[in-house]
Amino acid sequence: MWLRLDRVSKTYHGGENPVPALCEVSLEIDTGMFVAIRGPSGCGKTTLLLTAGTLLAPDSGDVVMGGERPYQMTGDARASFRGLQLGFVFQQFHLVPYLSVLDNVLAPTLALAQSSSAVDPRDARERALGLLEQFGLADRAGHTPSRLSSGERQRCAMARALLNQPKMLLADEPTGNLDPENADQVLGALRQFVTLGGAVLLVTHDNRAAAAADKTWWMNRGVLSQSPQPETVTAT
């Protein structure tokens with residue numbers, strides 16, 4: 001398996017009472033798999049995505065990705081590993097407002113600039129332009145995100161996520177702000193990525209988005225299961 005979470009737990013502290021977000025979650029995803037995580041708001045889905053994405057260290061349990069344990073790496077090594085192996089797509093796009101569309105797509109190369117895995121700038125630019133063409137944004141390359149529609153912003157975010165040719169895409173409600181036509185384009189791109197041998201971990205409330213996945217898991221109160229459970233909101 002390319003990604004394995006083994007009995008991973010995470011609890012948030014700081015309020016009046018501790019909030020368990022992940023409770024001994026185990027999950028395996030291999031390349032060529034498209035997995036959706038569903039559940040009520042606040043059940044721990046985003047915490048799971050961030051933990052799987054090497055952005056939020058668990059309190060306990062094991063995370064293995066591509067045969068490596070990213071949470072045992074130094075912060076810089078983990079950032080480099082993440083930049084090479086993972087791509088992220090979020091509901092709010094997270095584009096840099098003062099950068100052009102092309103420079104937003106090129107942004108992932110910055111995480112690798114000082115590492116041995118640095119991407120040749122000419123190769124990166126050529127690949128970025130190819131992705132903009134693929135997503136119908138070639139004529140928008142010099143525009144800033146404020147000049148794009150929601151669908152165009154999400155397609156820009158998809159191009160950015162694919163720039164470094166990652167093994168896995170992690171998507172958090174990527175169709176949440178989109179109309180049906182643009183949602184279908186994004187889901188089609190995720191589906192194509194899986195067809196070409198990548199893996200996708202999708203967090204969603206959207207029935208149509210979940211239907212694009214090969215397998216659906218359900219979360220409730222930090223517990224992951226293969227069938228839906230009664231809704232109880234506890235975490236994020």
Worksheet item: Using the ring of each side chain (for Trp, its six-membered ring), is His94 parallel, tilted or perpendicular to Phe90, with breaks at 30° and 60°?
Response: perpendicular
Discussion item. Going by salt bridge (charged side-chain N to carboxylate O under 4.0 Å, His left out), name the pairs with one or both residues in residues 199-215, residues two or more places apart or in two chains.
Written reply: Asp184-Arg208, Arg191-Asp214
Worksheet item: Among all residues two or more places apart in sequence or in another chain, which pass the side chain to side chain contact (heavy atoms under 4.5 Å, CB included) test with Asp59?
Response: Lys10, Thr11
Worksheet item: Taking only residues two or more places apart in sequence or in another chain, which ones pass side chain to side chain contact (heavy atoms under 4.5 Å, CB included) with Glu133?
Response: Ala138
Discussion item. Quick check: do Arg78 and Pro70 have side-chain heavy atoms less than 4.5 Å from each other?
Written reply: yes
Worksheet entry | Listed partners of Ala128 passing side chain to side chain contact (heavy atoms under 4.5 Å, CB included), at least two apart | Leu102, Val105, Leu106, Leu163
Worksheet entry | Inter- and intrachain pairs under salt bridge (charged side-chain N to carboxylate O under 4.0 Å, His left out), touching residues 134-152, at least two apart | Arg140-Glu152
Practice prompt. Can you sort out the partners of Leu49 under side chain to side chain contact (heavy atoms under 4.5 Å, CB included), two or more places apart, ordered by chain and number?
Written response: Leu170, Asp172, Leu201, Val203
Practice prompt. Could you list all the side-chain hydrogen bond (donor to acceptor under 3.5 Å, both in side chains) pairs where at least one residue sits in residues 20-30, not counting sequence neighbours?
Written response: Arg7-Glu24
Practice prompt. Report the hydrophobic cluster partners of Leu196, with the cluster defined as I, L, V, M, F, W, Y residues connected by side-chain heavy atoms closer than 4.5 angstrom, directly or transitively.
Written response: none
Item to complete: Could you pull out all residues at least two apart from Asn207 that satisfy side-chain hydrogen bond (donor to acceptor under 3.5 Å, both in side chains)?
Response: Arg38
Response to the item:
Sorted by chain and number, sequence neighbours left out, salt bridge (charged side-chain N to carboxylate O under 4.0 Å, His left out) with Arg82 holds for none
Worksheet item: Using links of under 4.5 Å between side-chain heavy atoms of ILVMFWY residues, direct or through other members, which residues join Tyr98 in one cluster?
Response: Val96, Leu99
Discussion item. With side-chain hydrogen bond (donor to acceptor under 3.5 Å, both in side chains) as the rule and sequence neighbours excluded, what pairs involving residues 62-76 come up?
Written reply: Asp62-Arg69
